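Being a predicted model, the structure only gives us computed values, none of them experimental. So you know, we letter chains A, B, ... as the sequences are listed, proteins then strands, and number each from 1.
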2 protein chains.
Amino acid sequence: MALDLLPVVDSAPATCCTPRAEAAITAEDAVALARTLKALADPARLRLLSLIAAHEGGEACVCDLVGPIGLSQPTVSHHMKQLAEAGLVTREKRGVWAYFTIVPGAVSAVSDHLALHLGVATAGT
Amino acid sequence: MALDLLPVVDSAPATCCTPRAEAAITAEDAVALARTLKALADPARLRLLSLIAAHEGGEACVCDLVGPIGLSQPTVSHHMKQLAEAGLVTREKRGVWAYFTIVPGAVSAVSDHLALHLGVATAGT
DNA sequence: TCCTTGTATCGATGATTGTCGATGCCATGA
DNA sequence: TCATGGCATCGACAATCATCGATACAAGGA
């Protein structure tokens with residue numbers, strides 16, 4: 001679930017130089033965006049994502065993550081479920097192992113939505 | 001506090017074409033980034049930021065926000081304090097009113113850190 | 001000086017969350 | 001068939017959080 005809640009900026013392709021935000025975010029969009037941000041807003045999950053991104057092949061199984069992050073296996077599994085439900089990672093079971101991969105564009109979609117509704121350019125413009 | 005916890009990408013100017021993240025995020029950086037993300041990861045605070053960004057002059061006082069967001073005045077004040085402590089807004093008291101402004105570059109700094117550590121380009125690359 | 005008004009703080013409460021140990025499930029190999 | 005090992009789920013617990021009403025504070029005006 002919650003996989004299609006953050007399409008990569010489907011709205012507001014219109015003007016390019018507005019100094020401020022396009023318009024106030026709707027309550028529903030705020031809930032959806034907050035849900036994804038909440039999945040990111042935890043040190044353990046940020047480190048898990050970073051470990052996966054830095055891992056060989058861009059994928060990692062739970063057993064690759066438990067050691068480096070210093071948390072128990074159930075806790076890591078719990079965090080990975082959170083990330084998967086937020087659409088930030090995908091789970092692929094190969095044999096006994098469950099490999100996780102970062103969903104391309106998911107994080108940048110969050111950045112784009114923030115920039116869109118908060119009137120901030122993505123870089124330091 | 002926590003104002004200098006997120007300098008705009010001070011690390012990893014080295015190589016430019018690595019397909020994945022530069023390196024795994026450190027535990028301390030993860031805590032700092034998660035703290036800022038946690039300030040963003042709430043529907044009410046996202047809407048407050050968006051209201052300020054969309055408001056005339058890019059600034060708004062508490063009385064401008066209580067009505068549109070449908071929360072009590074103490075709750076709005078509480079959220080604004082969270083945002084201010086995260087370095088996302090600044091508070092300027094003029095007379096009886098407290099005007100809030102979005103800190104330029106604060107949100108984009110978050111995006112940059114995410115892109116840096118999760119190996120994702122800021123756009124759809 | 002007193003009253004009004006906009007904000008911030010306090011205390012309380014219900015809900016959510018991060019973490020763990022114990023346990024269950026499933027695929028592989030003997 | 002049974003044992004092993006990787007992973008997910010369950011139940012519990014402590015901590016954090018979002019929200020509110022009541023109240024305190026501060027600035028301007030009468």
Side-chain angles (χ1 to χ4, degrees), chain A residues 1-2 27 30-52 55 59-86 88-101, chain B residues 1-2 25 27-28 30-52 55 59-86 88-101:
Chain A
M1 61 196 76
V31 169
L33 183 52
R35 181 153 31 212
T36 308
L37 282 169
K38 202 164 292 190
L40 285 171
D42 183 272
R45 288 194 286 271
L46 284 177
R47 294 183 64 199
L48 286 170
L49 285 174
S50 182
L51 283 171
I52 296 174
H55 204 263
E59 64 179 12
C61 61
V62 175
C63 58
D64 292 327
L65 304 170
V66 169
I69 210 170
L71 293 175
S72 71
Q73 175 266 319
T75 301
V76 171
S77 195
H78 166 71
H79 283 309
M80 293 315 299
K81 184 178 182 180
Q82 305 271 111
L83 292 171
E85 283 179 346
L88 294 170
V89 302
T90 53
R91 195 181 89 114
E92 184 194 359
K93 189 129 188 178
R94 286 207 298 271
V96 188
W97 294 273
Y99 286 92
F100 291 91
T101 315
Chain B
M1 61 196 73
I25 194 174
E28 300 140 9
V31 169
L33 183 53
R35 182 154 27 213
T36 308
L37 283 169
K38 201 162 291 189
L40 286 171
D42 183 272
R45 288 195 286 271
L46 284 176
R47 293 183 64 199
L48 286 171
L49 285 174
S50 182
L51 283 171
I52 295 174
H55 203 264
E59 65 180 11
C61 63
V62 176
C63 58
D64 293 327
L65 304 170
V66 168
I69 209 169
L71 293 175
S72 70
Q73 176 267 320
T75 301
V76 171
S77 194
H78 165 71
H79 283 310
M80 294 315 299
K81 184 178 182 181
Q82 304 272 111
L83 292 172
E85 284 179 346
L88 294 170
V89 302
T90 54
R91 195 182 89 114
E92 183 196 358
K93 189 128 189 179
R94 286 205 299 269
V96 188
W97 294 272
Y99 286 92
F100 291 92
T101 316

Chemist: Which part of the nucleic acid, if any, lies within contact of A:Arg94, taking any heavy atom under 4.0 Å across all strands shown: a base, the sugar-phosphate backbone alone, or nothing?
Modeler: nothing
Chemist: Report yes or no: does A:Arg45 contribute a side-chain atom to a donor-acceptor pair with the main-chain N or O of A:Lys38 at less than 3.5 Å?
Modeler: yes
Chemist: Testing the basics here: between B:Phe100 and B:Val89, what is the closest heavy-atom pair and its distance to 0.1 Å?
Modeler: CD2-CG2, 4.0 Å
Chemist: Is B:Ile25 close to A:Leu49 at the side-chain level, that is, under 4.5 Å between some pair of heavy atoms?
Modeler: no
Chemist: Students should find this one: the first and last nucleotides of DNA chain C, 5' to 3', lying under 4.0 Å from a heavy atom of chain B. What are they?
Modeler: C:dG6 to C:dT9
Chemist: Between D:dA18 atom P and A:Lys38 atom NZ, what is the distance in whole Å?
Modeler: 7 Å
Chemist: A side-chain contact here means heavy atoms from C-beta on lying under 4.5 Å apart; do A:Leu48 and A:Gln82 qualify?
Modeler: no
Chemist: Could you tell me whether A:Tyr99 contacts a base, only the sugar-phosphate backbone, or nothing, with contacts defined as non-hydrogen atoms closer than 4.0 Å?
Modeler: nothing
Chemist: Which is more 5' along DNA chain C, the nucleotide nearest A:Asp42 or the one nearest B:Arg91? Just name the residue.
Modeler: B:Arg91
Chemist: As a test of reading the structure: which of D:dG5, D:dA8, D:dT19 is closest to the side chain of B:His78, going by heavy atoms?
Modeler: D:dT19
Chemist: Within this structure, what is the CD-to-P distance between B:Gln73 and D:dA22, rounded to whole angstrom?
Modeler: 14 Å
Chemist: Need to verify one output field. Residue with the more 5' nearest nucleotide on DNA chain D, A:Val96 or B:Gln82?
Modeler: A:Val96
Chemist: At under 4.0 Å, does any side-chain N or O of B:Ser72 touch on OP1 or OP2 of D:dC20?
Modeler: yes
Chemist: Please report the interatomic distance NE2(A:His78) to CG(A:Leu83), rounded to the nearest 0.5 Å.
Modeler: 9.5 Å
Chemist: Where is the tightest heavy-atom contact between B:Leu51 and B:Leu65, given as atom of each residue plus distance?
Modeler: CB-CD2, 3.8 Å
Chemist: Using a 4.0 Å heavy-atom cut-off, does A:Arg45 contact any base of the nucleic acid, only the sugar-phosphate backbone, or nothing at all?
Modeler: sugar-phosphate
Chemist: Can you measure B:Leu71 atom CG to D:dG21 atom P for me and round it to whole angstrom units?
Modeler: 11 Å
Chemist: So which heavy atom on B:Arg47 is nearest to which on A:Ala30, and how close?
Modeler: CG-CB, 3.5 Å
Chemist: Rounded to whole Å, how long is the line connecting atom NZ of B:Lys93 with atom P of D:dC25?
Modeler: 13 Å
Chemist: Ignoring the backbone of B:Pro74, work out which of D:dA22, D:dC17, D:dG6 is nearest its side chain.
Modeler: D:dA22
Chemist: Could you state the atom-to-atom distance from CD of A:Glu92 to P of D:dG6 in whole Å?
Modeler: 19 Å
